[in-house]
Asker: 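Below: one structure in structure tokens.
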Amino acid sequence: MITRKRLTTRVGIALATLAAGLGTAIPAAADEAPAAPSPKVELVLDVSGSMRTRDIDGQSRMAAAKQAFNDVLDAVPEQVQLGIRTLGADYPGEDRKVGCKDTRQLYPVGPLDRTEAKTAVATLAPTGFTPIGPALLGAADDLEGGDGSRRIVLITDGEDTCGPLDPCEVAREIAARGTHLVVDTLGLVPNAKIRQQLTCIAEATGGTYTAVQHREELSGRVKQLVDRAAEPVVTPVATEGAESCSGAPELKPGLFTDRSEIGQHRWYRVDVLPGQELRASASVAADRAVDHDYGVLLRAVTVHGREIVRGSEAGTGRTDVISSGLRYPKPEAEDGDDGDGKPAAETVCLQLAHSFSAPASVKRSPGLPVELTVDLVDGPDNASDVAAFGLGRGWWLLGVLVLTGLVAGLLTGWLSRWRVAVWRTNR
Amino acid sequence: MTRTPRRTRGIRLALTGTLLAGLTLLTTAGPALADDPSASASPAGDEAGPTEAGTTFRTATALKQGQSGTAQASAGDYLYWVFPADAGQRPTVEATVKLPESAARRGTSTWQVDVYDGLRRRQACMYGHQTRKAAADAATVELSCVLRPVRAWSEPWADDPLPGSYHIRLTVVDLPAADLGLPVDVEVKTSIKELGGGHDGGGALAEPLVPGVSAASAGESDERASGAPRALATGEPEDGWASGWWTDRWLWTVGGGVLAALAAVFGYSLTRGRGRPAHVPPDV
């Protein structure tokens with residue numbers, strides 16, 4: 001009977017799995033929406049005076065950038081809405097105050113007209129200062145609206161000396177707005193200060209930093225980044241975990257983001273029906289200069305505070321995220337329901353804690369980005385036996401079986417002989 | 001009285017029956033064996049793999065089993081791929097990093113490949129160089145990670161590898177700051193070793209550990225309605241997830257049963273001597 005039941009469930013599972021054709025199901029789920037929000041990309045180009053320097057394959061940095069832009073504009077995927085913003089393109093004067101506001105949208109974010117965009121790029125001439133912070137803020141505003149992924153590609157050869165706006169802080173604030181915005185940076189000069197600033201910007205938003213030395217590297221990388229924006233991904237839903245389980249937000253299956261400050265706990269709740277399995281995983285990203293040892297703890301706790309199961313992970317060294325996960329199969333209800341036909345769901349509290357630490361100089365808020373996935377699948381798993389179906393395997397098994405058979409055969413034979421003998425004597 | 005011979009015949013019949021049943025099972029098990037994923041060995045080895053890598057768990061590039069993926073990246077990027085592994089398999093991840101020419105580099109760098117399961121739990125490597133230092137003049141770094149055998153089921157409190165997606169993360173964990181952002185070429189390759197029935201455990205997961213699995217099954221009905229053609233899902237093995245029914249333990253157990261039956265017949269015959277004793281009258 002049990003076997004029978006298992007057979008049907010297994011066949012059911014197999015069919016369901018086949019039918020579902022589960023991919024890396026998240027991208028698959030993204031594919032299926034025909035009206036997927038179009039990804040937006042803004043290229044932010046430094047047109048400061050230093051771009052005149054001729055040190056990229058014998059060309060000026062500006063010429064290399066222009067050529068790269070032409071290549072990229074030719075290859076932009078259809079669905080991507082592309083815009084171009086410049087910094088330091090217009091003000092040739094010496095006044096720092098004015099020069100540090102010099103950023104302008106060269107080509108608006110939208111469906112791309114290649115020739116128009118190319119003409120606009122061709123007019124650029126290296127001119128002014130390097131106000132990266134204001135340019136990033138401007139680019140973030142340009143990309144407002146819509147649900148698609150957003151990406152800023154920043155190409156620069158200079159450090160932002162404008163102050164007091166630290167472009168790295170600007171980037172972190174932009175990322176904290178919850179608009180899924182990634183900033184990728186490309187540095188045209190191998191200079192420690194520029195590299196530090198650009199890696200900081202990239203790190204703060206989950207982007208990448210590239211040091212460009214050759215022209216083809218520049219166009220190749222920018223193309224790659226624009227293509228990356230076109231990849232369909234599911235955009236997570238922003239949520240805000242609470243300080244305790246009682247006030248925690250209820251999560252349905254899906255993908256969520258949150259922020260968790262250093263030393264802070266985050267609580268969420270999930271309703272799990274009997275016979276369902278809860279799967280949760282959490283990643284905490286290191287988006288700033290954190291210390292080198294860190295950990296994460298994800299606990300599933302009952303409303304009364306009993307821990308059901310936990311996932312934990314610790315790490316050391318350079319990292320982007322630290323993640324862990326857990327699963328909690330809730331057994332089938334013993335006697336079905338509590339009268340009204342529906343078994344009561346159990347509220348499971350999820351506690352997320354992380355042990356990132358940072359030097360005192362590092363800003364604490366906004367908190368570290370958290371990504372949380374919650375899945376509920378039907379049918380808890382079970383194992384009635386350690387071996388598959390309780391079947392045996394190996395030469396020992398065969399030996400034991402053969403010996404048993406032999407003994408049984410001999411006994412049967414002797415027994416029947418003895419009975420014949422008894423019968424014959426009694427006749 | 002004719003009781004004894006009839007009984008003997010009964011036993012004989014029963015034994016022959018068992019034998020036949022055993023044989024039938026054995027022969028039918030043959031085709032079943034052919035269905036076994038282990039029989040269809042090289043799934044996607046020759047196909048050209050993806051040439052991009054993802055940068056987060058969420059955007060990880062899908063690889064098929066046995067497929068290799070390449071990517072051009074900058075030193076310091078975190079590169080992600082995802083591949084499926086099923087119960088009874090032992091995945092191996094190999095990664096090769098082609099470093100920029102040593103003239104551009106300042107010093108040694110340490111590269112690392114990590115593997116995470118579908119719940120983003122880090123999975124230990126049994127063998128292989130998961131982390132390796134590249135000297136300042138090295139041209140390439142080769143990394144590898146042999147995972148533990150994937151089990152069909154485990155307690156929720158254990159972090160054993162389970163059927164589902166596996167994320168590969170490749171990155172540099174230590175390098176001179178001046179070397180950040182330099183271009184590197186990377187290649188990752190997954191290979192699968194099918195393990196025998198000795199690793200077939202009892203139990204099964206309700207669903208493989210694929211992230212977003214519940215979202216996918218919820219969206220399925222809409223998709224069917226829209227009649228959109230379904231591409232082969234990248235997140236599952238070539239021939240789908242194993243149903244968990246087949247294990248060579250069936251052969252062993254059934255074979256053992258058959259042998260036991262034969263041994264029983266043999267043992268019985270030993271007690272009987274050769275045929276009917278001469279002094280027993282034929283009418284008994």
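Any value given below was found using the heavy atoms of this structure, including those in side chains, with hydrogens, waters and symmetry copies removed. Chain A is the first sequence line, chain B the second, and so forth, proteins listed ahead of strands; every chain is numbered from 1.
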Asker: Is there a side-chain contact (heavy atoms from CB on, under 4.5 Å) between A/Q276 and A/K330 once you walk through the steps?
Answerer: CA-CA 6 Å; A/Q276 278 189 324; A/K330 186 171 164 57; 5.7 Å; no

Asker: Determine, step by step, whether A/L397 and A/V400 satisfy the side-chain contact (heavy atoms from CB on, under 4.5 Å) criterion, reporting the C-alpha distance in whole Å, the side-chain angles of both residues, the deciding distance to 0.1 Å, and the verdict.
Answerer: CA-CA 5 Å; A/L397 171 78; A/V400 169; 5.8 Å; no

Asker: If you count heavy-atom pairs under 4.5 Å between each of B/T247, B/T55, B/D117, B/D77 and chain A, which one has the most?
Answerer: B/D77

Asker: Side chain, backbone, both or neither: which part of A/V321 has an atom under 4.5 Å from a heavy atom of chain B?
Answerer: both

Asker: So if I apply the side-chain contact (heavy atoms from CB on, under 4.5 Å) rule between A/R151 and each of A/V226, A/L225, A/T205, which one comes out positive?
Answerer: A/L225

Asker: Drop me the distance from A/W414's CH2 to B/T271's OG1, to the nearest 0.5 angstrom.
Answerer: 7.5 Å

Asker: Please classify the contact between B/E155 and chain A as side chain, backbone, both or neither, with a heavy-atom cut-off of under 4.5 Å.
Answerer: backbone

Asker: Against chain B, work out which of A/E231, A/K252, A/Q196, A/E371 has the most heavy-atom pairs shorter than 4.5 Å and name it.
Answerer: A/E371

Asker: Pick one of side chain, backbone, both or neither for A/A202, based on which atoms fall under 4.5 Å of a heavy atom in chain B.
Answerer: neither

Asker: side-chain contact (heavy atoms from CB on, under 4.5 Å), that's the test. Do A/Q224 and B/S74 meet it? Break it down for me.
Answerer: CA-CA 12 Å; A/Q224 187 184 31; B/S74 307; over 6 Å; no

Asker: Give, as side chain, backbone, both or neither, the part of B/T253 having an atom under 4.5 angstrom from any heavy atom of chain A.
Answerer: both

Asker: Going by distance alone, is a donor N or O of one side chain under 3.5 Å from an acceptor N or O of the other, for A/R221 and A/T210?
Answerer: yes

Asker: Please flag which part of A/T404 lies under 4.5 Å from any non-hydrogen atom of chain B: side chain, backbone, both or neither.
Answerer: neither

Asker: Determine, stepwise, if the pair B/H167 / B/Y80 fulfils ring pair (Phe, Tyr, Trp, His ring centres under 6.0 Å).
Answerer: CA-CA 7 Å; B/H167 294 91; B/Y80 285 83; 7.3 Å; no

Asker: Does any heavy atom of chain B fall under 4.5 Å from the side chain of A/I308, the backbone, both, or neither of them?
Answerer: backbone

Asker: Using a cut-off of under 4.5 Å on heavy-atom pairs, state which of A/A388, A/S324, A/A192, A/S281 scores highest against chain B.
Answerer: A/A388

Asker: Non-hydrogen atoms of chain A under 4.5 Å away: do they reach the side chain of B/T56, the backbone, both or neither?
Answerer: neither

Asker: Not counting sequence neighbours, list each pair that qualifies as a salt bridge (Lys or Arg N to Asp or Glu O under 4.0 Å) and has a residue in residues 166-178 of chain B.
Answerer: A/D320-B/R169, B/D114-B/R169

Asker: Atom CG of B/L259 and atom CH2 of B/W252: how far apart are they, to the nearest 0.5 Å?
Answerer: 10.0 Å

Asker: Where on A/R195 is there a heavy atom nearer than 4.5 Å to chain B: the side chain, the backbone, both, or neither?
Answerer: side chain

Asker: A/D378, A/L326, A/V377, A/T319: which one forms the most heavy-atom pairs within less than 4.5 Å of chain B?
Answerer: A/T319

Asker: Can you say whether A/R228 sits under 4.5 Å from chain B via the side chain, the backbone, both, or neither, judging by heavy atoms?
Answerer: side chain

Asker: Any carboxylate oxygen within less than 4.0 angstrom of a Lys/Arg side-chain nitrogen, looking at B/D159 and B/R121?
Answerer: no

Asker: Among B/L180, B/T59, B/L182, which residue forms the greatest number of heavy-atom pairs with chain A at distances under 4.5 Å?
Answerer: B/L180

Asker: Quick check on the interface: out of B/P156, B/G198, B/G196, who has the most heavy-atom pairs with chain A under 4.5 Å?
Answerer: B/P156

Asker: Is it the side chain or the backbone of B/A158 that comes within 4.5 Å of chain A heavy atoms, both, or neither?
Answerer: neither

